[in-house]
Amino acid sequence: MKLPLVIALLASCHATYAAVNLPYANDFGSSASDFTAGGTGTWSVGSGRYTNNIPTDAPSYSVAQVTGLGGTTKQSFSISTVITAASGSSTSVGFAVLSSSSNVNTSTFILADLFNNGTLRFRPFSAGTPTGTDISLASPVRFLEISTLGAVSLSVTGIYNGDDSLTLTLSATQGSTTTNHSTTFASGSVPTGEFFGFRNRNNTGSTNVTPYSVSFDSVAINAVPEPSVALFAIGFIGLAGLRRRR
């Protein structure tokens, strides 16, 4: 009678261990063990980078389950990384957020990425398939010819609003140039998954696919304080400072 209970407890402990806690940061100095990779292509860690090599026309992804984000918490969040060009050309490189499972190819999630014509893009997915068209594209950053792209700082911030809608802001910085782009998902269309990470695609529709490699130099995932909480904290700090001066 006790054996099923022991197995259940062990499974529960494993599930808790597998999820990362906030704030989360990984400089990829030794491993990416918190991430589950899938799709086409291979992921590897070396020289402080998490590198994705995709030989064919297909998507590739790697995500971590994050405790405290997604689900029903409606906790605002941010995720950031630096992408570094290695070789080949790409259709898109960026983030998968609020994924309903570690298998992004069958998941409901939001894609926030740098698309192949240099625009910042948002695209909702259901069961791994795009739903509708891309959601509003920003002005071009730079054509995504990965071999000449160089290093780009990429981040996405999600802020939950009072009506439970979600405003996403995607930011790309290369050198001294920063481009920001925002869109809002209505409350009924916001995924509630707990998986956050990377999602890339190689040469969609190309007949002669060039193998593509891109590296992620560290990643940080954080909870973002609600505006009212942040203002309260600032006010409290200010009041404490005023008391000290007195």
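For reference, positions follow the sequence shown, starting with 1.
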- Query: Is it the case that S107 and S99 place a side-chain donor and acceptor less than 3.5 Å from each other?
  - Reply: yes
- Is it true that the side chains of N52 and N200 contain a donor and an acceptor less than 3.5 Å apart? yes
- Query: Does one side chain, of D217 or T84, offer a donor that lies under 3.5 Å from an acceptor on the other?
  - Reply: no
- Message: Is any side-chain heavy atom of D57 closer than 4.5 Å to one of N202?
- Response: no
- Which distance, rounded to the nearest 0.5 Å, do you find between the OG1 of T42 and the CG of N53? 4.5 Å
- Item | For the student: nearest non-hydrogen atoms of Y212 and S92, plus distance | OH-O, 4.0 Å
- Task: Can you tell me which residue pairs pass the salt bridge (charged side-chain N to carboxylate O under 4.0 Å, His left out) test with a partner in residues 100-115, sequence neighbours excluded?
- Result: D113-R121
- Looking only at heavy atoms, what is the nearest atom pair of S76 and L69, with distance? O-CD2, 3.9 Å
- Message: Side chains of I159 and L166, heavy atoms from C-beta outward: is any pair under 4.5 Å?
- Response: no
- Query: Between S153 and T173, is any side-chain donor less than 3.5 angstrom from a side-chain acceptor?
  - Reply: no
- Residue pair L22 / V66, side-chain heavy-atom distance below 4.5 Å: yes
- Query: Checking N26 side chain against S31 main chain: does a donor-acceptor pair fall under 3.5 Å?
  - Reply: yes
- Query: Mind checking whether V214 and T51 have side chains closer than 4.5 Å, heavy atoms only?
  - Reply: no
- Message: If I take atom CZ from residue R49 and atom OG1 from residue T81, how far apart are they, to the nearest 0.5 angstrom?
- Response: 10.5 Å
- Query: Quick one: does V190's side chain get under 4.5 Å of D164's, heavy atoms only?
  - Reply: no
- Task: Measure across S171 and N180 and return the closest heavy-atom pair with its distance rounded to 0.1 Å.
- Result: OG-OD1, 2.8 Å
- Give a yes or no on whether the backbone of T108 and the side-chain of S100 come within a donor-acceptor separation of less than 3.5 Å. yes
- Query: Which pairs, with at least one residue in residues 178-195 and sequence neighbours excluded, count as a salt bridge (charged side-chain N to carboxylate O under 4.0 Å, His left out)?
  - Reply: none
- Going hydrophobic residue to hydrophobic residue with side-chain gaps under 4.5 angstrom, can you get from Y160 over to L170? yes
- Decide whether F28 and V82 are clustered together by the hydrophobic rule: side chain heavy atoms of Ile, Leu, Val, Met, Phe, Trp, Tyr closer than 4.5 Å, transitively. no
- Message: Checking T169 against T157: is there a side-chain donor and acceptor pair closer than 3.5 Å?
- Response: no
- Rounded to the nearest 0.5 Å, how far does CD1 of I221 lie from OG of S80? 9.0 Å
- Task: Search all heavy atoms of A58 against all heavy atoms of T40 and return the closest pair with its distance.
- Result: CB-OG1, 3.4 Å
- Sorted by chain and number, sequence neighbours left out, side-chain contact (heavy atoms from CB on, under 4.5 Å) with S189 holds for F185, A186
- With a 4.5 Å limit on heavy-atom distance, are the side chains of V97 and V156 in contact? yes
- Looking just at side-chain N and O atoms, do S215 and Y50 make a donor-acceptor pair shorter than 3.5 Å? no
- Message: What I want to check is whether the side chains of D27 and S218 have a donor and an acceptor closer together than 3.5 Å.
- Response: no
- Task: Considering non-hydrogen atoms only, spot the tightest contact between Q75 and G68 and give its length.
- Result: CB-O, 3.4 Å
- Query: Residues two or more places apart in sequence or in another chain: which of them pass salt bridge (charged side-chain N to carboxylate O under 4.0 Å, His left out) with R123?
  - Reply: D134
- Task: Let me know which of F77, F95, Y24 forms a ring pair (Phe, Tyr, Trp, His ring centres under 6.0 Å) with F196.
- Result: F77
- Residues pairing under salt bridge (charged side-chain N to carboxylate O under 4.0 Å, His left out) where one sits in residues 60-88, two or more places apart or in two chains, turn out to be none
- Query: Heavy-atom distance under 4.5 Å between the side chains of L114 and L120, does that happen here?
  - Reply: yes
- Message: Evaluate F35 against F198 for ring pair (Phe, Tyr, Trp, His ring centres under 6.0 Å), listing each step before the verdict.
- Response: CA-CA 10 Å; F35 286 81; F198 313 114; 5.7 Å; yes
- Classify the side-chain pair N161/S165 by whether it contains a donor and acceptor separated by less than 3.5 Å. yes
- Task: Considering only Ile, Leu, Val, Met, Phe, Trp and Tyr, and joining two whenever side-chain heavy atoms are under 4.5 Å apart, list the other residues clustered with F109.
- Result: Y61, V63, V104, L111, F125, F195
- Between R199 and A96, what is the shortest heavy-atom contact and its length? CB-CB, 4.0 Å
- Item | Gap between atom CG of L98 and atom CD1 of I110 - 0.5 Å precision | 5.5 Å
- Message: Assess the residue pair V219 and I79 against the criterion (side-chain contact (heavy atoms from CB on, under 4.5 Å)); give the C-alpha distance rounded to whole Å, side-chain angles, the decisive distance to 0.1 Å, and a yes or no.
- Response: CA-CA 7 Å; V219 61; I79 175 171; 4.0 Å; yes
